[in-house]
Structures are given as structure tokens and as C-alpha cells.
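In what follows, residues are counted from 1 in the order of the sequence shown.
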Amino acid sequence: VERRDGGVDVRVILDGERMVYLQDHQIDQTPVLAFAFAVELMAEAAYLARPEWHVTEINDVRMYAGIVLKDGPRELLIRAE
């Protein structure tokens, strides 16, 4: 969803039963979003906000807690400004 300030909000539903890559990325039979995939989602959101720009580098990204799908699907909100 494009915002008035020129940024975008992207909502992604992660579903461990429907998404093959989550079925292949599990810890103790629980789907976990790979950090590299989360960074890719951020880069794609940035592209949606500014398609004329090209993402060439992502730095200073930290993971404080993983995204675990132990209670079913989860919705992510990715905001690019």
C-alpha cells in the first residue's frame, strides 16, 4: 500500500503449511523465517517504494529475535520509507 509520504507498507502472510521454503526451513518441526529471506523482503519493499532506484547494499541489519511460526500463519508488516 502506497502511503502519502511516498513510502510503502507491504503486508506478507507467512504460512508454514502453504509455503514450501518454510516447510524446508524448520527447527524442531517448527517453521522459521530465514534471516536472509527477511532481508530480501526488505529489499523488495524498498524497490516498491522507489522502483527507479536499485538496492546495491544492505548494511547494519541485526536480528534480535527470529520469526517463528509455531502458532500458525503470521502477518508481517514491512515499511519502506
Does the side chain of [Y] come within less than 4.5 Å of [X]'s, by heavy atoms?
{"X": "L14", "Y": "I67", "result": "yes"}
{"X": "V61", "Y": "M42", "result": "yes"}
{"X": "L77", "Y": "V10", "result": "no"}

Separation between [atom1] of [X] and [atom2] of [Y], rounded to the nearest 0.5 Å:
{"X": "D9", "Y": "L48", "atom1": "CG", "atom2": "CG", "answer": "11.0 Å"}
{"X": "F35", "Y": "E40", "atom1": "CZ", "atom2": "CD", "answer": "12.5 Å"}
{"X": "R50", "Y": "E81", "atom1": "CZ", "atom2": "CD", "answer": "10.0 Å"}
{"X": "I13", "Y": "E75", "atom1": "CD1", "atom2": "CD", "answer": "4.0 Å"}
{"X": "R74", "Y": "K70", "atom1": "CZ", "atom2": "NZ", "answer": "9.5 Å"}
{"X": "E44", "Y": "I78", "atom1": "CD", "atom2": "CD1", "answer": "8.5 Å"}

Inset, instruction - Assess whether side-chain contact (heavy atoms from CB on, under 4.5 Å) is satisfied between Y21 and L33, documenting all intermediate values. - result: CA-CA 9 Å; Y21 67 90; L33 183 67; 4.1 Å; yes

Inset, instruction - Tell me, yes or no, whether the heavy-atom count around D28 atom CG, taken from other residues, nucleotides or ligands under 6.0 Å, exceeds 12. - result: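 Incorrect, the count does not exceed 12.
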
Inset, instruction - Begin with the C-alpha distance, continue with both residues' side-chain angles, and end with the deciding distance and a verdict on side-chain contact (heavy atoms from CB on, under 4.5 Å) for D15 and L69. - result: CA-CA 8 Å; D15 186 341; L69 303 168; over 6 Å; no

Legend entry - Taking every non-hydrogen atom, the tightest pair across A80 and A45: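 Smallest interatomic distance, heavy atoms only, reads CB-O, 3.6 Å.
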
Inset, instruction - Indicate the atoms forming the closest heavy-atom contact of G16 with P31, along with that distance. - result: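 Minimum heavy-atom contact is CA-CG, 3.9 Å.
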
Legend entry - Linked, directly or transitively: V12 and V8 (ILVMFWY side chains, under 4.5 Å):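 Both belong to a single hydrophobic cluster.
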
Inset, instruction - Kindly give the cluster partners of I27, where membership spreads through any ILVMFWY side chain lying under 4.5 Å from a current member. - result: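 In the cluster with I27 are V32, V68.
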
